[in-house]
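Notes follow the structure.
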Amino acid sequence: MKPPRKLHIKSYGCQMNVYDAQRMVDTLAPEGFVETADVDDADLVILNTCHIREKASEKVYSELGRLRTAKDEAARNGRTMSIAVAGCVAQAEGNEIIRRAPVVDVVVGPQSYHHLPQLLARAKSHGRALETEFPVEDKFGFLAPPKPDAIRARGISSFVTVQEGCDKFCTFCVVPYTRGAEVSRPVGKIIDDVQRLADNGVREITLIGQNVNAYHGEGPDGRIWPLGTLLRRLAEIPGIVRLRYSTSHPRDVDETLIEAHRDLPALMPFVHLPVQSGSDRVLAVMNRKHTADDYRRVIDRFRDVRQDIAFSSDFIVGFPGETEEDFSATLALVTQIGYAGAYSFKYSPRPGTPAADMRETVSAAEMDERLVRLQELIDSQQSAFNKAMIGRTVDVLFERAARNPGQIVGRTAYLQPAHVMAPAGIIGQVLPVKIESLERYSLLGELAAAAPMQPAFAEMKSSHVAPSNITTGA
Ligand code: SAH
Ligand code: SF4
Ligand code: F3S
């Protein structure tokens, strides 16, 4: 074992980056790296970047400016601070980063994280190192799995990547270029990962992928399994009480996924299903390859099998050519569907994407105004959805002690935070909570039944939550 060195990772962007950051920590742990929250104290700082919108990628260069000061300060104190840029900006602009930012020692694209130890060694001997190829080997086979203590420290809810990359090429989007072609991990590997997490106290798994329901991994039977079949298998793993997946695409919702929602109590009735626009004309220019009606029909199929299902979405306003009429169609779609929440963004042209060559027709002021109108509508739907919880008894999976002493916080099926006064022993359990009030986005309530005696999460080895504690449906 090498002497301990301190590692600080700062992640931007999507859940995939959050997950990748953990894999990088796990891969660097055998090299003697331990995580630190204090960037100034770190021997290695990794910026795990996002390229999705202009503002997201600008952050990298301003952060690198601050890191230059920290690196100089470390050098004055006789320490070496190495700086690595990972993530989607590294992939898209690796050479430019090397040119523009001499402070950077290593640039590593998302498909090369398993090479981090070698890249750091190469930077040490050669000054700097860059790797942004899409290697032929599957990086997942080489990334270190987390150690039991790391899993426990990360809590009861965990992401697991099942699919990466995207073949859809929406005209506005950088993901197919930064993450490469769609790849699905084999079922057996995912089962092993989930089993390991469950054995170490994880109760909730969110399967992630840029296009998670395009999943088509090789099953143990030699056949190709769709996401619904994978979810069905994972629901059998003892200890796993909640399953989620993100982000899904309306075109890839197949019958196995609908049936999984019909049959699996562990599969949460909350689906992030981005639509981007309610106008067929805009959807066509975006290359989404579906209409607003196709989307409505997909929503109906989910609702037919799970009446309590709720949706969130992503929207882009001000896409090139979007007229007031197109935008009204988006508002109409939002009104009709009724969301539990949604993200909306101003269109941001990204270098190298087809839309970047389209003439922008929506002024900055119009974009601002449309964003405000859309967000007001979404906010009103979200607060109505949250308010509707008051007075109901809903299942909450308890995650951790809250800031207020004696309070424990968990999440409902719809990811709403819910607080109760209760003993810490309930952490890791799903219990019914009578919701009494709403404070901003947090629900407050009390346990609807006495807290059953269970060992506290910290003491749990591989004891699983007894099925009698699991109530489903809201
Ligand atoms: N795979 C997901 C989306 C991934 S990107 C899907 O297909 O829906 C996350 C969100 O960022 C997108 O849904 C979109 O709303 C937004 N986004 C992506 N590119 C953008 C751009 N160039 N400008 C503004 N928003 C963008
Ligand atoms: Fe981007 Fe479209 Fe792929 Fe989603 S489906 S990641 S928006 S190209
Ligand atoms: Fe950003 Fe890359 Fe995720 S561009 S949203 S970090 S896939």
Side-chain angles (χ1 to χ4, degrees), residues 9-21 46-60 85-93 108-111 113 132 159 161 163-183 208-215 245-253 271-278 282-283 285-290 295 298 311-320 322 330 334 339 342-358 360 362 367 370-371 374-375 378:
I9 300 196
K10 197 164 180 181
S11 284
Y12 303 87
C14 62
Q15 295 163 335
M16 190 68 79
N17 266 6
V18 176
Y19 176 86
D20 284 348
I46 301 178
L47 292 187
N48 194 15
T49 61
C50 173
H51 200 239
I52 201 82
R53 286 169 291 273
E54 191 183 358
K55 274 204 182 127
S57 43
E58 271 169 7
K59 282 192 193 139
V60 184
V85 179
C88 291
V89 181
Q91 186 63 46
E93 298 180 0
V108 56
Q111 302 311 326
Y113 294 154
T132 52
F159 294 137
T161 293
Q163 177 280 338
E164 196 171 358
C166 181
D167 295 341
K168 294 236 169 15
F169 292 91
C170 301
T171 50
F172 52 81
C173 183
V174 292
V175 171
Y177 312 96
T178 62
R179 294 278 170 167
E182 249 176 54
V183 181
I208 55 173
Q210 269 89 21
N211 234 302
V212 72
N213 57 332
Y215 178 81
Y245 56 89
S246 188
T247 295
S248 38
H249 194 290
R251 268 169 55 206
D252 291 323
V253 176
V271 178
H272 185 59
L273 195 66
V275 63
Q276 316 298 354
S277 169
V282 173
L283 287 169
V285 190
M286 285 178 165
N287 194 34
R288 293 289 290 183
K289 296 204 178 102
H290 63 78
Y295 181 81
V298 172
F311 297 91
S312 61
S313 185
D314 293 341
F315 294 92
I316 296 177
V317 302
F319 188 78
E322 185 189 73
T330 299
V334 173
Y339 288 100
Y343 300 96
S344 40
F345 310 102
K346 287 190 270 187
Y347 168 68
S348 168
R350 307 309 292 130
T353 60
D357 296 330
M358 298 177 193
E360 286 193 62
V362 185
M367 256 196 231
R370 285 181 195 173
L371 190 72
L374 179 57
Q375 285 181 342
I378 292 164

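Sequence positions, counted from 1, serve as the residue numbers for this chain. Just so you know, ligand 1 is whichever comes first in the structure, and atom 1 is the first atom listed for that ligand.
- Contacts between Pro176 and ligand 2 below 4.0 angstrom, taking non-hydrogen atoms only, involve the side chain exclusively.
- Considering only non-hydrogen protein atoms, atom 2 (Fe) of ligand 2 sits nearest to Cys170 SG, 2.3 Å.
- In this structure, the protein non-hydrogen atom closest to atom 3 (Fe) of ligand 2 is Cys166 SG, 2.2 Å.
- The distance from atom 3 (Fe) of ligand 3 to the nearest N/O/S atom of Cys14 is under 2.8 Å.
- The nearest protein atom to atom 2 (C) of ligand 1, hydrogens excluded, is given as Thr247 CG2, 3.7 Å; this is a heavy-atom distance.
- Short contacts between ligand 2 and His249, defined as distances under 4.0 Å to a heavy atom of the residue, involve ligand atoms 5 (S).
- Considering every non-hydrogen atom in both Val212 and Gln163, the closest pair reads N-OE1, 3.8 Å.
- Looking only at protein heavy atoms, the nearest one to atom 6 (C) of ligand 1 is Arg288 NH1, 3.9 Å.
- Looking at Asn211 against ligand 2, only its side chain comes within 4.0 Å, counting heavy atoms.
- Close approach to Arg350 involves these atoms of ligand 1, each under 4.0 Å from a residue heavy atom: 22 (N).
- The backbone N or O of Asn17 lies less than 3.5 Å from a partner atom in the side chain of Asn48, making a donor-acceptor pair.
- The shortest N or O to N or O distance between Ser348 and ligand 1 is under 3.5 Å.
- Ring orientation note: the planes of Tyr343 and His272 are nearly perpendicular, at an angle over 60° on the 30°/60° scale.
- Close approach of ligand 2 to Phe172 (heavy-atom distance below 4.0 Å) involves ligand atoms 7 (S).
- Using a 4.0 Å cutoff on heavy atoms, His272 does not count as a contact of ligand 1.
- Gly109 and Thr132 make their closest contact through N-CG2, 4.1 Å (heavy atoms, listed as atom of the first residue, atom of the second, distance).
- The shortest distance between side-chain heavy atoms of Tyr339 and Phe315 falls below 4.5 Å.
- Ligand 1 has no atom lying under 4.0 Å from any heavy atom of Lys168.
- Side-chain contact check for Val362 versus Phe319: every heavy-atom pair is 4.5 Å or farther apart.
- Among Arg288, Gln276, Glu182, the residue whose heavy atom lies nearest to atom 4 (Fe) of ligand 2 is Arg288.
- Closest to atom 1 (Fe) of ligand 2 among all protein heavy atoms lies Cys173 SG, 2.3 Å.
- Under the 4.5 Å side-chain criterion, counting only non-hydrogen atoms from C-beta, Cys88 is in contact with Arg179.
- Of all the atoms in ligand 3, the ones that sit under 4.0 Å from a non-hydrogen atom of Cys88 are 2 (Fe), 4 (S), 6 (S), 7 (S).
- You'll find the side chain of Arg288 reaches within 4.5 Å of the side chain of His249, heavy atoms only.
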Test log, rule side-chain contact (heavy atoms from CB on, under 4.5 Å), inputs Gln276 and Phe172: CA-CA 11 Å; Gln276 316 298 354; Phe172 52 81; 4.1 Å; yes

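- Of the possible donor and acceptor atoms, one in the side chain of Asp167 sits under 3.5 Å from a partner among the backbone N and O of Glu182.
- Near Gln210, meaning under 4.0 Å from one of its heavy atoms, ligand 1 places the atoms 1 (N), 2 (C).
- Atoms of ligand 3 lying under 4.0 Å from any heavy atom of Gln210, numbered from 1 in the order shown and given with element: 7 (S).
- The shortest separation from a heavy atom of Met16 to ligand 3 is not under 4.0 Å, leaving the residue out of contact.
- Donor-acceptor pairing under 3.5 Å is lacking for the side chains of Glu54 and Ser348.
- Contacts with ligand 1 closer than 4.0 Å are made by no heavy atom of Glu54, backbone or side chain.
- Taking every heavy atom of both residues into account, Asn287 and Lys168 meet most closely at ND2-O, 3.5 Å.
- Residue Gln276 has at least one N or O atom closer than 3.5 Å to an N or O atom of ligand 1.
- Close N/O approach between Ser248 and ligand 1 is not found [any backbone or side-chain N/O within under 3.5 Å].
- Residue Asn17 has at least one heavy-atom neighbour below 4.0 Å for each of these atoms of ligand 3: 6 (S).
- Geometrically, ligand 1 and Arg53 share a nitrogen or oxygen pair separated by less than 3.5 Å.
- Counting only non-hydrogen atoms, the option in Asp314, Asn211, Thr353 that gets closest to atom 9 (C) of ligand 1 is Asp314.
- Ligand 3 places these atoms under 4.0 Å from at least one heavy atom of His51: 1 (Fe), 4 (S).
- A distance-only check finds no donor-acceptor pair linking the side chain of Thr178 to the backbone of Gln91 [under 3.5 Å].
- Residue Phe169 places its CZ atom among more than 12 non-hydrogen atoms of other residues, nucleotides or ligands, all under 6.0 Å distant.
- In this structure the side chain of Val60 never reaches within 4.5 angstrom of the side chain of Tyr12, judged on heavy atoms.
- The shortest distance between side-chain heavy atoms of Val85 and Thr49 falls below 4.5 Å.
- Ligand 1 is never approached by Val175 to a heavy-atom distance shorter than 4.0 Å.
- For Asn213 (side chain) and Asp252 (main-chain N/O), a donor-acceptor pair under 3.5 Å exists by modelled atom type.
- Heavy atoms of Phe169 found under 4.0 angstrom from ligand 2 belong exclusively to the backbone.
- The presence of a protein heavy atom under 4.0 Å from atom 20 (C) of ligand 1 is confirmed.
- Interface atoms of ligand 1 facing Lys346, defined by a heavy-atom separation under 4.0 Å, are 23 (N), 24 (C).
- At least one heavy atom of Ile52 sits closer than 4.0 Å to an atom of ligand 1.
- Using a 4.5 Å cut-off on side-chain heavy atoms (C-beta onward), Arg370 and Thr330 make no contact.
- For Phe345, every heavy-atom contact with ligand 1 shorter than 4.0 Å involves the side chain, none the backbone.
- Heavy-atom proximity to atom 8 (O) of ligand 1, evaluated over Cys14, Ala342, Ser313, Pro274, is greatest for Pro274.
- By the 4.5 Å heavy-atom criterion applied to side chains, His290 and Val298 are not counted as neighbours.
- Nearest non-hydrogen protein atom to atom 1 (Fe) of ligand 3 is Cys50 SG, 2.3 Å.
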